[in-house]
*Asks:* 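Let me begin by handing over the structure; questions about it come next.
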Number of protein chains: 2
Amino acid sequence: MPTSKDVARLAGVSQSTVSYVMSGRRPISEETRKRVEDAMAQLAFQPNAGARALASRRSQVIGLAIPFVPDLHMGSIMEFISVIAATARQSDYDILLITDDEGPEGLERVVGQQLVDGLIIMQVAGDDARVPVIRKLPVPSVLIGVPEKRAGLECIDADFELAGTMCVEELARLGHENVILVDWQDTVVTRHVNYVKRFHRGVDKAAAAAGVKVIRTPGRVTIAGMEKAITKALKENTGIPAFIAPEGANQDLLVEALTNLGLVLGKDVSVVVNCPDRLAERQRIPLTTIWMEPDEVSRRAVRMIVRDLTDPQSRPHEDLELIKPVLKRRKSTIRPRSQR
Amino acid sequence: MPTSKDVARLAGVSQSTVSYVMSGRRPISEETRKRVEDAMAQLAFQPNAGARALASRRSQVIGLAIPFVPDLHMGSIMEFISVIAATARQSDYDILLITDDEGPEGLERVVGQQLVDGLIIMQVAGDDARVPVIRKLPVPSVLIGVPEKRAGLECIDADFELAGTMCVEELARLGHENVILVDWQDTVVTRHVNYVKRFHRGVDKAAAAAGVKVIRTPGRVTIAGMEKAITKALKENTGIPAFIAPEGANQDLLVEALTNLGLVLGKDVSVVVNCPDRLAERQRIPLTTIWMEPDEVSRRAVRMIVRDLTDPQSRPHEDLELIKPVLKRRKSTIRPRSQR
DNA sequence: GCGCATCGTCGATGCGCATCGACAAATCGA
DNA sequence: TCGATTTGTCGATGCGCATCGACGATGCGC
């Protein structure tokens, strides 16, 4: 493997000049720059990451703590990871994975070894065990999710509370007097992932304000379970029912179950689900969606950590960014009065 | 951050001794070892990864090339990644992500920078553009998947051909005379991912051997689509139909569609799907499964690359490991004669 | 025409660790 | 009993790069 010394020799300059060509931290004449760059190209030179990290004390690597989640919607996590990795590359950072298997010590390890310059922590729970660890670490971190005690931390997430509010307001605006909330699975709700709580708060607030009644039914993993849950909820309901399904995994099941029960979306029933446009549009009846913009959350997380790393001055003492969800009206919602 | 020099000073030994305590490459007296280890613990010493990489010329990092897949079953990819990362840690390796966005050059970059000691390449297609690049790289790689030209490469994958054979043989053994293969989506089939081809080959071979007729219908993304496809396939079918659904994403849809059509699994129809035990068992009617053991594939991939790295002598010129799928008989398959 | 700042380059140094050669002390075999 | 190992430790060196101080060469104002 060629080194910067080899490049220097070929270009007829000193090694330090090569280094300054790369970093641009000192003025270099146009002519010298060209000679060096040609030499680099000719040798296919790539700077050694270890040496660079050692000398500069920065690894250009960001650690990404990924969740362990057998029952959570895995596909969406994959999406986060892809977008984070791709976005990081645009700022010349690589992504190193940290699994939950290692526990919070994994974070201490990668930071202690100076393998990473900063951390992005996914799926942060309200009482996340990683939070106290992160606080003590000498590198910046960005949390995706909002822990209960977030003093001194930088957090980003979708605005679940606003999402809840938007769903209810939209349905209330259409004239619905009840909404049936098809909730996350119980296992998720009880795991202190507080975005569920935040969504509920948004729903409840808006419902109170609009005088709408909320019926809640837990999410199910099978169609049969979903049908049963829906049937039960429908008994409490009066008028044309309106459903909200904030969890991605519930979306298919809900639509399918309603169809099985003979209810036509946008005619006999209103439905708002959380799913990407692509999916919503290819349904038999295009779905009205509340979309949490996970890609945007991912990009912003990267942007935050990169800012912290490139310009430590600008690092806020703490920060909470909530991404506004997008409500897209399609064909699965209806104005109930017009049907009576 | 404490360095090995600090540890040495505290323990009253030389820095090199500290290094030898860590690596075990020279004998160290029990007493000295203890003093050094105590000093390490006291200072919470962690060796600097950059310095270590520079001096030892190994980064203890494995690059993982992840696929870009909007329509492929994302959840399963996530599973691969988790298991790979966790397994790698057990051998003291970390995982660095390489996305498809960077193209094959991404591989050259991480290797050129000596960021990684080796590569694991996921979702290798028959004519994968990454394969010629990998061939030229000076580090070992393990491919998950089987490219067409695999001379000189180490590959691992589930044995899709055997899986196809096992499904058909099982159904033939039960007495079915036709099988309906609910295939991958067209977009996947045409993308040269040759595991589809291998599965088909296994199915066809076994079908020919057992005198079974194969009816093929492409996978669909909606229940309605699936119902239509099934209805069509059923017209060609005689006797009690038998379905095989090798793609995970089809599994729910198929079961649901059959149910909607009034067919009871394991009574009116036999079904073999590819899905994890956990999922198969919590269905209304537990499903007979052909499971491709993705976790085992992941673990083996890591084991292979780790072996290559720790003992370069033993690195095979080329290798192809195929993991045997597991067929588990549950309640969704039936002996057709007994029903007549 | 002279001092002074800026430009452009070089050499030297050190980042923190692994590794090699050296060497004293302990152990062994004959 | 003495050479030949083996054991246990140290000092020196270098991995490849970033960075600092130094310094000659220009350009500037006056």
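Chain naming here is simple, since letters A, B, ... match the order of the sequence lines and numbering starts at 1 in each. The model shown is predicted, which means the values in this text are computed figures rather than measured ones.
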*Asks:* Considering heavy-atom distances to DNA chain C, does A/Q15 or A/S29 have its closest nucleotide positioned more toward the 5' end?
*Replies:* A/S29
*Asks:* Taking OP1 and OP2 of C/dT19, is either one under 4.0 Å from a side-chain nitrogen or oxygen of B/R25?
*Replies:*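 Looking at the OP1 and OP2 atoms of C/dT19, one of them is under 4.0 Å from a side-chain N or O of B/R25.
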*Asks:* Is B/R57 close enough to C/dA18 that one of its side-chain N or O atoms is under 4.0 Å from OP1 or OP2 there?
*Replies:*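 False: B/R57 side-chain N/O out of range (4.0 Å or more) of C/dA18 OP1/OP2.
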*Asks:* Pick the closest DNA chain D nucleotide for B/S56 and for B/I28 by heavy atoms, then say which residue is nearer the 5' end.
*Replies:*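 Going by which nucleotide is closer to the 5' end, it is B/I28.
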*Asks:* Any base atoms under 4.0 Å from B/V13, or only sugar-phosphate, or nothing? Heavy atoms, all strands.
*Replies:* sugar-phosphate
*Asks:* If I take atom CG in residue B/L115 and atom P in nucleotide D/dC17, what distance separates them, rounded to the nearest angstrom?
*Replies:* 13 Å
*Asks:* Within the modelled atom types, does a donor on one side and an acceptor on the other bring the side chain of A/Y20 and the base of C/dC7 under 3.5 Å apart?
*Replies:* no
*Asks:* With a cut-off of 6.0 Å (strictly less than), are more than 12 heavy atoms of other residues, nucleotides or ligands near CZ of A/R25?
*Replies:* no
*Asks:* Is the phosphate of D/dC17, meaning OP1 or OP2, less than 4.0 Å from a side-chain N or O of A/S4?
*Replies:* yes
*Asks:* Considering every strand and a 4.0 Å limit on heavy-atom distances, what is the contact class for A/L54: base, sugar-phosphate, or nothing?
*Replies:* base
*Asks:* Base, sugar-phosphate alone, or nothing: which one does A/P47 contact when heavy atoms must sit under 4.0 Å apart?
*Replies:*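 Sugar-phosphate, no base atom in range.
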*Asks:* Between B/R58 (CZ) and D/dG16 (P), how many Å, whole number?
*Replies:* 16 Å
*Asks:* Within the 4.0 Å heavy-atom criterion, would you say A/S16 contacts the bases, only the backbone, or no part of the nucleic acid?
*Replies:* base
*Asks:* Counting any heavy atom closer than 4.0 Å, what does A/R26 reach on the DNA or RNA strands: base, sugar-phosphate only, or nothing?
*Replies:*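 Answer is base: heavy atoms of A/R26 come under 4.0 Å of a base.
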*Asks:* Verify the distance criterion only: is there a donor paired with an acceptor across the side chains of B/S19 and B/S16 at less than 3.5 Å?
*Replies:* no
*Asks:* I would like to know whether B/M78 and A/I81 meet side chain to side chain contact (heavy atoms under 4.5 Å, CB included); could you show each step before the answer?
*Replies:* CA-CA 9 Å; B/M78 184 60 210; A/I81 295 178; 3.6 Å; yes
*Asks:* Taking all heavy atoms of A/R35 and all of A/A11, pick out the closest pair and write down the distance.
*Replies:* NE-O, 2.9 Å
*Asks:* Can you tell which of C/dA18, C/dC7, C/dC10 lies closest to the side chain of A/S14?
*Replies:* C/dC10
*Asks:* Could you report the tightest heavy-atom contact between B/L153 and B/P147, atom names first, then the distance?
*Replies:* CD1-CG, 4.1 Å
*Asks:* May I have the distance from B/K5 (atom NZ) to D/dC10 (atom C1'), rounded to whole angstrom?
*Replies:*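 Going from B/K5 (NZ) to D/dC10 (C1'), I get 15 Å.
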*Asks:* Can you name the nearest heavy-atom pair linking B/T3 to B/F45, along with the distance?
*Replies:*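 Looking at all heavy atoms of both residues, the closest pair is C-CE1, 3.4 Å.
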*Asks:* Grab the stems for DNA chain D, please: at least three consecutive Watson-Crick or wobble pairs, both distances below 3.5 Å, written as range with range.
*Replies:*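 C:1-30 with D:1-30 - these are the stems of 3 or more pairs that involve DNA chain D.
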*Asks:* If I take atom CD in residue B/E31 and atom P in nucleotide C/dA26, what distance separates them, rounded to the nearest angstrom?
*Replies:* 13 Å
*Asks:* From the set D/dA18, C/dG16, D/dG16, return the single nucleotide nearest to any side-chain atom of A/M22.
*Replies:*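 So the nucleotide nearest the side chain must be D/dA18.
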*Asks:* How would you label the contact of A/T3 with the nucleic acid (heavy atoms, under 4.0 Å): base, sugar-phosphate, or nothing?
*Replies:*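 Sugar-phosphate, no base atom in range.
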*Asks:* Taking 4.0 angstrom as the limit, do A/E321 and A/R303 come out as a salt bridge?
*Replies:*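 No.
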*Asks:* Starting at CE of A/M40 and ending at P of D/dC17, how long is that distance when rounded to a whole Å?
*Replies:*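 Going from A/M40 (CE) to D/dC17 (P), I get 9 Å.
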